[in-house]
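Let me begin by presenting the structure, written as structure tokens, before commenting on it.
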Amino acid sequence: MLEDANLMMSDKQDLSTATVLGSPYLSSKSIDLWAGQTSLPTDALGNSPLADIARGRLKLLTQVVTDVASAGAATLKAELIMADDEALTTNVVVLSASDAVAKASLKAGYKFRLGMPAAGITKRFLGVRFTVGTADLTAGKVSATLVLDISTSAPVGN
């Protein structure tokens with residue numbers, strides 16, 4: 001698996017601080033596809049890199065790094081999203097989503113694997129949105145990054 005620190009959106013992010021059940025919990029970092037420029041960048045031929053973001057070969061790897069715990073039967077859902085703003089709150093579009101995964105499966109090493117569409121990336125920022133269901137979390141940390149290849153040596157969801 002190939003990883004790049006610039007493509008990391010959550011690094012051991014604590015999900016037990018999500019206090020409102022069902023509210024979206026956003027990755028601690030978003031990825032600026034415009035690389036800080038003030039307008040959509042193009043190459044020498046006038047093509048936008050957004051039209052060819054690894055042609056569907058990138059995957060979002062979200063991995064539980066600390067067991068998820070809850071007083072109840074909690075679930076967790078992960079979504080790869082794009083938005084117009086760095087905070088991931090304006091004109092949010094879901095690119096891919098996992099099913100809600102039960103707390104019993106969310107042990108350290110569990111991986112959510114979400115695909116990046118081959119086309120249709122139209123917003124400036126990419127990020128991850130987590131949604132906790134059924135019961136609040138009391139513990140649990142996740143990391144999320146875009147990768148070219150995902151190892152399947154550990155339990156994988158979806």
Side-chain angles (χ1 to χ4, degrees), residues 3-42 47-66 68-103 105-106 110-148 150 157-158:
E3 292 185 44
D4 182 332
N6 293 318
L7 300 178
M8 177 74 68
M9 293 177 270
S10 293
D11 187 12
K12 299 178 186 117
Q13 188 170 355
D14 187 355
L15 296 182
S16 67
T17 60
T19 56
V20 181
L21 187 63
S23 295
Y25 193 73
L26 300 170
S27 54
S28 54
K29 179 183 170 240
S30 58
I31 296 173
D32 183 355
L33 297 175
W34 292 8
Q37 297 183 31
T38 56
S39 62
L40 180 64
T42 57
N47 298 313
S48 163
L50 293 180
D52 184 17
I53 185 164
R55 290 195 183 268
R57 294 176 303 196
L58 284 178
K59 305 284 185 211
L60 174 69
L61 173 63
T62 300
Q63 183 168 341
V64 176
V65 289
T66 302
V68 169
S70 172
T75 62
L76 183 64
K77 178 180 180 178
E79 298 171 307
L80 176 61
I81 61 172
M82 63 179 170
D84 289 335
D85 64 327
E86 186 175 12
L88 303 170
T89 58
T90 305
N91 298 319
V92 175
V93 174
V94 176
L95 297 169
S96 59
S98 74
D99 293 331
V101 177
K103 170 183 75 172
S105 297
L106 297 171
Y110 183 88
K111 296 177 182 179
F112 294 91
R113 177 179 38 194
L114 299 176
M116 171 80 76
I121 308 295
T122 57
K123 309 257 179 224
R124 180 174 177 175
F125 294 93
L126 289 178
V128 182
R129 178 169 64 186
F130 302 98
T131 304
V132 175
T134 312
D136 290 331
L137 301 184
T138 56
K141 293 183 181 179
V142 296
S143 291
T145 187
L146 291 176
V147 296
L148 279 174
I150 295 177
N158 293 340

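The shown structure was predicted, so the numbers you read here are calculated from the model rather than taken from an experiment. Because only heavy atoms are used, hydrogens play no part in the values below, and waters and symmetry mates are left out as well, while side chains stay in.
Between T90 atom OG1 and F125 atom CZ the span is 10.0 Å, to the nearest 0.5 Å. With rounding to the nearest 0.5 Å, the separation of OG in S28 from CE in M8 is 9.0 Å. Between the NZ atom of K141 and the OG atom of S16 there is a distance of 8.0 Å, given to the nearest 0.5 Å. One finds the CZ atom of R129 at 4.0 Å from the CD atom of E79 (value rounded to the nearest 0.5 Å).
Minimum heavy-atom separation, L7 to T145: O-OG1, 3.1 Å. Among all heavy-atom pairs drawn from L114 and A78, the shortest one is CD1-O, 3.5 Å. The shortest heavy-atom contact between S27 and S10 is CB-OG, 3.3 Å. The two residues P24 and T131 make their nearest non-hydrogen contact at CA-OG1, 4.4 Å. The minimum heavy-atom distance linking V64 with L106 is given by the pair CG1-O, 3.8 Å. Among all heavy-atom pairs drawn from L15 and F130, the shortest one is CD2-CD1, 4.0 Å.
In this structure, the side chains of M82 and T122 come closer than 4.5 Å at one or more pairs of heavy atoms. Taking 4.5 Å as the limit, some side-chain heavy atom of L76 sits within range of a side-chain heavy atom of F112. A 4.5 Å side-chain heavy-atom check between L126 and L146 finds at least one atom pair inside the cut-off. Contact of the L60 side chain with the M9 side chain is registered, since non-hydrogen atoms from C-beta on lie closer than 4.5 Å.
Listed for the S143 side chain is a donor-acceptor partner under 3.5 Å among the backbone atoms of K12.
In this structure, the side-chain contact (heavy atoms from CB on, under 4.5 Å) partners of S70, at least two apart in sequence or on a different chain, are A74, K103, A135, L137. Residues that satisfy the side chain to side chain donor-acceptor pair (under 3.5 Å) test with D84, not counting sequence neighbours, are N91. Scanning for side-chain contact (heavy atoms from CB on, under 4.5 Å) contacts around T89 gives L26, D85, A87, with sequence neighbours left out. Residues passing the side chain to side chain donor-acceptor pair (under 3.5 Å) test with T62, sequence neighbours excluded: none. With sequence neighbours left out, the side-chain contact (heavy atoms from CB on, under 4.5 Å) criterion links A69 to T138, A139.
Counting only residues at least two apart or on different chains, the salt bridge (charged side-chain N to carboxylate O under 4.0 Å, His left out) pairs with a member in residues 25-42 are D32-R124.
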